[in-house]
Amino acid sequence: MIRSRTMSAAFPIQPIGRFVGASPPVKRPKEFACFSYNENFEYRLDDSSLRYYYTPRIGADLSKGFEKFRKADESKDGHLDSLLKTIKAHEQDVGKRIDANIVSWRGMLTKILAAPFEQFDGFEMNATLYQGCIFIEENFEHKVKSRANEDRGKPRRGPPLEVMQYWGYKFETLATLPKPWGETPRDYIENREEEVVDNIAQYCSVVRTGIGKAVLCLGGEVDAVWDSKPRETGAPINWVELKTSAEIRGPGDLEGFHRKLMKFWIQSFLLGVPKIIVGFRTRDGILADVQEIETHRIPETVNAKPNPKWNADMCVNFAAVFLEWLMETINDEGVWRICRRPQSPTIEVFKVQETGHGDIISDEFKNWRIKL
Ligand code: A3P
Ligand code: MG
Ligand code: MG
């Protein structure tokens with residue numbers, strides 16, 4: 001038996017003071033590919049599930065139709081499969097490998113950028129080095145466990161959590177059309193409050209971006225486009241991120257909202273989404289107001305208040321240093337775990353499997369890369 005040498009390293013998040021200072025300009029993320037899931041969760045190498053923004057009606061009831069909600073099956077681990085399928089198709093097109101140092105879902109990078117200011121959310125990811133690039137997925141068991149803990153909680157007032165979660169998807173349905181306005185039948189627009197809501201169909205953008213020395217290829221869901229996608233690839237796209245949030249009734253609510261803006265900002269910044277549309281709702285889920293927020297203005301808005309709870313430059317500086325360290329640390333085959341326990345001052349990285357790539361890289365992708 002080969003005795004395994006356990007590789008393990010820890011990156012200190014604290015003290016975060018060392019990440020203060022303007023972050024170097026980040027190249028604008030550029031979409032180079034996309035894919036969709038249809039309403040049966042079938043993969044499509046196209047933009048068929050892209051939706052178009054359309055102002056929703058103030059006063060709409062976000063709970064309406066909850067009993068008909070078509071919910072995605074979250075019991076299966078999809079790994080990076082759809083992202084890799086899309087990268088493969090792109091590489092077939094251009095005849096060469098993408099140049100990324102890191103390939104992952106946008107959600108993983110959101111957790112990393114948020115780490116300096118997020119004390120309670122732990123995370124667990126699996127990573128593997130393959131042909132000089134680190135592929136990072138969410139550790140599925142950890143995701144399932146943390147979702148279950150979220151749902152347990154203490155006894156609470158107000159509507160059930162599932163209903164509150166539905167509000168977010170209902171808002172997406174109310175604020176978008178499946179075709180541009182000019183091609184949408186009038187009765188769809190008039191009856192869209194009766195539309196069955198699902199969170200299965202999705203449009204995912206695949207972008208190339210960079211943080212510090214790391215070139216990243218990220219895949220992530222985009223909720224809608226403001227107008228339509230430009231024809232040339234790489235041209236800026238007027239993406240829209242849709243969010244719901246409780247109405248702001250006082251200074252405490254405003255502070256809470258500014259905290260929430262961190263995740264909104266990171267998530268949108270990573271894919272290059274320029275606009276976030278927030279549907280403010282009453283405590284019982286009636287749409288009360290809609291506001292457009294420019295993503296690039298969020299950092300200054302938050303900094304303008306006394307005692308801001310987070311700082312965008314520090315998120316980016318932290319990620320730049322961490323990713324550079326990660327690229328030095330994950331230098332060998334096998335499967336690695338990237339792990340932050342709640343409230344821990346460090347991110348730990350250690351090997352969980354000596355050889356191979358676990359299930360992080362699909363056979364389809366490996367077979368393709370062997371041919372390329
Ligand atoms: P809101 O963000 O309006 O609450 P996204 O904002 O990323 O497009 O996600 C759409 C909706 O999915 C959210 O709407 C919320 O209802 C639900 N959602 C996203 N992440 C979630 C999580 N970690 N736990 C529970 N629900 C989540
Ligand atoms: Mg979304
Ligand atoms: Mg959204």
Side-chain angles (χ1 to χ4, degrees), residues 34-37 49-54 56 60 62-66 69-74 105-111 113-114 118 120-124 138-140 142-153 156 158-176 197-205 218-226 239-248 256-257 259-283 285-293 295 298 342:
C34 67
F35 70 91
S36 295
Y37 291 119
S49 292
L50 175 60
R51 296 184 67 95
Y52 298 80
Y53 180 69
Y54 187 81
L62 298 174
S63 304
K64 194 166 175 180
F66 172 66
F69 183 31
R70 293 188 63 235
K71 218 166 175 254
D73 174 9
E74 285 175 345
W105 293 117
R106 181 260 313 267
M108 299 303 96
L109 267 292
T110 303
K111 289 175 198 282
L113 270 78
E118 204 44 85
F120 299 103
D121 284 2
F123 56 72
E124 272 185 33
E138 182 156 33
N139 180 31
F140 189 70
H142 178 263
K143 178 183 171 180
V144 172
K145 250 188 278 161
S146 47
R147 278 278 164 96
N149 286 341
E150 244 173 60
D151 291 354
R152 226 177 298 131
R156 37 188 301 288
L161 278 174
E162 304 83 75
V163 174
M164 293 186 71
Q165 212 188 94
Y166 175 78
W167 292 347
Y169 299 115
K170 178 73 179 181
F171 179 64
E172 290 181 353
T173 307
L174 291 176
T176 61
V197 174
D198 85 68
N199 65 343
I200 302 167
Q202 291 184 36
Y203 170 91
C204 286
S205 181
L218 300 177
E221 190 194 0
V222 176
D223 290 334
V225 64
W226 181 262
W239 295 128
V240 170
E241 169 62 45
L242 300 167
K243 292 288 182 192
T244 59
S245 200
E247 266 182 308
I248 296 166
F257 182 67
R259 260 204 84 81
K260 275 177 90 169
L261 282 176
M262 177 174 77
K263 289 271 180 74
F264 293 7
W265 178 79
I266 296 174
Q267 190 185 4
S268 302
F269 162 83
L270 285 170
L271 288 189
V273 174
K275 203 193 281 281
I276 301 170
I277 294 185
V278 183
F280 289 98
R281 49 153 185 90
T282 63
R283 266 51 183 178
I286 303 298
L287 186 62
D289 189 17
V290 172
Q291 289 207 8
E292 291 173 22
I293 299 177
T295 306
I298 291 176

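Please read all numbers here as calculations on a predicted model, not as lab measurements. Ligands are counted one by one from 1 in listed order, and the atoms in each one are counted from 1 as well.
- The line from NZ of K275 to CD1 of I293 is 10.5 Å long, rounded to the nearest 0.5 Å.
- With rounding to the nearest 0.5 angstrom, the CD1 atom of I248 is 7.5 Å from the CD atom of Q291.
- Using a 4.0 Å cut-off between a side-chain N of Lys or Arg and a carboxylate O of Asp or Glu, E118 and K263 qualify as a salt bridge.
- Taking the six-membered ring where tryptophan is involved, the planes of W265 and F269 are essentially parallel, since the angle between them stays under 30° and well short of 60°.
- Using 4.0 Å as the threshold, N199 has no heavy atom nearer than that to any atom of ligand 1.
- At least one N, O or S atom of L242, from either the backbone or the side chain, sits less than 2.8 Å from the Mg ion (ligand 3).
- Not close to ligand 1: E221, with no non-hydrogen atom less than 4.0 angstrom away.
- Closest protein heavy atom to atom 21 (C) of ligand 1: R147 NH2, 4.0 Å.
- To the nearest 0.5 angstrom, R106 atom CZ is 9.0 Å from L218 atom CG.
- When only non-hydrogen protein atoms are considered, atom 27 (C) of ligand 1 lies nearest to Q165 CG, 4.3 Å.
- From the protein, the heavy atom lying nearest to atom 1 (P) of ligand 1 is T244 OG1, 3.7 Å.
- Under 4.0 Å is where a charged nitrogen must lie from a carboxylate oxygen, and between R51 and E172 no such pair does.
- Looking at every heavy atom in both residues, V273 comes nearest to E241 through CG1-N, 3.6 Å.
- For atom 17 (C) of ligand 1, the candidate residues are F264, Y169, F171; the nearest heavy-atom contact is made by Y169.
- Across every non-hydrogen atom of L271 and W239, the tightest pair is O-CD1, 4.5 Å.
- Shown in contact with L242 at under 4.0 Å from a heavy atom are these atoms of ligand 1, numbered in order with element: 6 (O).
- Contact between E172 and ligand 1 is present, with at least one heavy atom of the residue lying under 4.0 Å from the ligand.
- The protein reaches atom 4 (O) of ligand 1 closely, with a heavy atom under 4.0 angstrom from it.
- Summary of contacts: the protein heavy atom closest to atom 14 (O) of ligand 1 is G168 CA, 3.3 Å.
- Between the Mg ion (ligand 2) and E241 there is no N/O/S contact shorter than 2.8 Å.
- Less than 4.0 angstrom separates some heavy atom of Q267 from each of these atoms of ligand 1: 7 (O).
- The minimum heavy-atom distance linking Y203 with C34 is given by the pair OH-CB, 3.2 Å.
- Taking every heavy atom of K243 and a limit of under 4.0 angstrom, the matching atoms of ligand 1 come to 2 (O), 3 (O), 5 (P), 6 (O), 7 (O).
- When distances from the Mg ion (ligand 2) to the N, O or S atoms of D223 are compared, OD1 comes out shortest.
- Per-residue contacts place E241 under 4.0 angstrom from the following atoms of ligand 1 (heavy atoms of the residue considered): 5 (P), 6 (O), 8 (O).
- A donor-acceptor pair under 3.5 Å links the side-chain atoms of K170 to the main chain of K64, judged by distance alone.
- A pairwise comparison of heavy atoms in M262 and A114 identifies CE-CB, 3.8 Å as the closest pair.
- Below 3.5 Å of separation, one finds an N or O of D223 facing an N or O of ligand 1.
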